[in-house]
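As structure tokens, the structure follows; a few thoughts come after it.
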Amino acid sequence: MQGNIACAEGALAAGCRFFGGYPITPSTEIAEHMAVKLPKLSGTFIQMEDEIASMASIIGASWTGKRAMTATSGPGFSLMMENIGFAVMTETPCVVVNIQRGGPSTGQPTMAAAGDMMQCRFGSHGDYSVIALCPSSVQEMYELTVKAFNLADRFRVPVFLMADEIIGHMRERIIVPDTVEHHERKSLQPGVLPFHPDDDQVPGFPEFGKGFGVHVTGLTHDERGYPCATNPKLHEQLVMRLYNKVEQARKEIADYEVTNPDAELVFVTYGSPARSVEQVLHDTPGKKIGHLRLKMVWPFPEHAIREFHDAARFIIPELNLGQIAREFDRHTSVPVVSVPKLGGELHLPSELKKLIGVNE
Amino acid sequence: MSYEDWYRQDRLPHIYCAGCGNGTIINCTLEAIDEMGWKKEETVFVSGIGCSSRAPGYIVTDSLHTTHGRALPFATGVKMSRPEFHVVVFTGDGDLAAIGGNHFIHACRRNIDLTVVCMNNQIYGMTGGQGSPTTPLGALSTTTPFGSAEPAFDLCELAIAAGANYVSRWTSYHVKELTKAVKKGMETPGLSFIEAMVQCPTNYGRRNKFKQVLDQVEYIRSHSMMRQKYLQLMEQGGAVPDNTIVVGEFINRARPAMGVPR
């Protein structure tokens, strides 16, 4: 199965019943697959006039209680930024898939990159926190898409699936489970104000059409949902809650794989470069090499670094100029070596071996 | 029931300036809804950004006050997901015709079953009176200090060309006609576009020689011409006075529509 199709199948298995999108390479297969499958499941597929409208449409659909998704790549992702911020501010669960390609601008439509990792974290204006998942196989395109929906509903945030052209277009054999985990969106209890948070800092969801009569606004709002944009204390409280509801759960929801935690030399990867590193580990059985593979990059799991208690050097191959290496570096005193690669191709295992002094 | 029952009493007072025409348009829309007999829990208001877009916040139903220009794609998501909902969009000339222009023509092309009420005050009121795509040629605003050099959009003709099923234009003076038009739009499957010309004394009127609120309302009234009369004049080659506001029903047709409840 192709990675993009696995993503679409994972979304359908997770109960996604609304897809609003706009064609863009290398993500288009996701929209095409949803266009075929959603009508048969009484779902809605709509091709919007641009990515701004796509993002808007899934937010609208989400408020009617549907699991909703869009898929895009860099240029479309840039267009979505304002409405992503609206989803953050209004606490609208939704899933945004970014099959990353080379940028800036139109760049390399058919080549892989991971240049949007910071954009997904900080791209919309204002302070907030989000969740971003990074698959490194077709199997994970399926599994992490399911997971993205569950996290979106639990935290009421946009969740990003940050894949790349390689994973999106790769074909691999995968195991499709009979059932997938499904965490229901927590409903607003009658008598509770629509934006009054529970202990987990997340308010119950007042679905449209259930008689809650909720006003949803991107303006700073009080717990009734009413605009209240000039109260400094209220604004601070709201933004801190939006930030903390994700950040306080970062340890609990962290998702990563640790290989050889007692190694001195440790590779750190997310997305497709993990595959090159796995080849290096496979080819050098006599050498103890560690590998920290992040399946969730945001919120950043800094505690995972301490799993490698003997680490003397972290090596981070990325398909960008070191976006996550820089984030990693600020959480450790151990030397961090960034191995950026631009152009759209993966790091060759031989390049990485040469870097750590292993001769072929 | 009356239109007053649709207001969120605990949100008053509203933010509109004294003499603003928007309240009249909201009243007319709520009156039309009340006559339609819609249920509150099945009605959703959607808006973008601007003075007009603050309206859903004063209404008791579920509502989305979204980003600038994007009300229509948000409303598309709501309506296509739940066609049984009645979805009404409040927008303004800047929101709909400038930043949201592309969404406007595509919503009309799809002919999605929405009722779109545009409060056209010919200015950006919320940000202090900048020129908009419907500011008349020669009119003064903070960004057209020597008179607007740009010809204005005719939003109704735009909606017709793009495919909307129902199109009407009235003004804040013509409350009975406007209410009827909004109701007719609500009854028509597909996209209904009702443009309401409104006075903006604070940011348009005072820069364009309307000393009193009623001066601008009177100007709007006296420059209004029924569409039938306008078409007759055009056919006969007669002279149409400058700055004529063509009012009435522009079109009522049955193109294939989307999001219509089964």
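Naming convention: chains lettered A, B, ... in sequence-line order (proteins, then strands); numbering from 1 in each chain.
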For chain B and chain A, give me every donor-acceptor pair shorter than 3.5 Å, distances to one decimal.
from	atom 1	to	atom 2	distance (Å)
B:R8	NH1	A:G213	O	3.3
B:R8	NH1	A:Y226	OH	3.2
B:R8	NH2	A:G213	O	2.8
B:D10	OD1	A:Y226	OH	3.1
B:D10	OD2	A:Y226	OH	3.0
B:D62	OD1	A:G213	N	3.0
B:D62	OD1	A:V214	N	2.8
B:D62	OD2	A:G209	N	2.8
B:S63	N	A:V214	O	2.9
B:S63	O	A:V216	N	2.8
B:S63	OG	A:H215	ND1	2.6
B:H65	N	A:V216	O	2.7
B:H65	O	A:G218	N	3.4
B:H65	ND1	A:T217	OG1	2.7
B:T67	OG1	A:N83	OD1	2.6
B:M80	O	A:T44	OG1	3.1
B:S81	O	A:K66	NZ	2.8
B:S81	OG	A:T64	OG1	2.7
B:S81	OG	A:K66	NZ	3.2
B:R82	NH1	A:T64	O	3.4
B:H103	ND1	A:E49	OE2	2.8
B:R110	NH1	A:E49	OE1	2.8
B:R110	NH2	A:Q47	O	3.0
B:R110	NH2	A:E49	OE1	2.8

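- When every heavy atom of A:P206 is checked against every heavy atom of A:L188, the shortest pair comes out as CB-CD2, 3.7 Å.
- For B:T115, the side chain to side chain donor-acceptor pair (under 3.5 Å) test picks out no residue, with sequence neighbours left out.
- Partners of B:N22 under the side chain to side chain donor-acceptor pair (under 3.5 Å) rule, at least two apart in sequence or in another chain, do not exist in this structure.
- With a threshold of 4.5 angstrom between heavy atoms, A:F18 approaches chain B through side-chain atoms but not through N, CA, C or O.
- For B:V44, the part lying near chain A is the side chain, with the backbone staying farther off; criterion is any non-hydrogen pair under 4.5 Å.
- With sequence neighbours left out, B:E150 forms a salt bridge (Lys or Arg N to Asp or Glu O under 4.0 Å) with no residue at all.
- Proximity to chain B is limited to the side chain of A:I46, based on heavy atoms less than 4.5 angstrom apart.
- When each of B:V78, B:V87, B:I49 is checked for heavy-atom pairs under 4.5 Å with chain A, B:V78 comes out on top.
- With rounding to the nearest 0.5 Å, the separation of CD1 in B:I59 from CG in B:L30 is 4.5 Å.
- Here the closest heavy-atom approach between residue A:F160 and residue A:C120 is recorded as CE1-O, 3.4 Å.
- Ring centroid separation for the pair B:F74 and A:F86 comes in under the 6.0 Å cut-off.
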Working for side-chain contact (heavy atoms from CB on, under 4.5 Å), residues B:F193 and B:E195: CA-CA 6 Å; B:F193 177 67; B:E195 181 181 5; 3.8 Å; yes
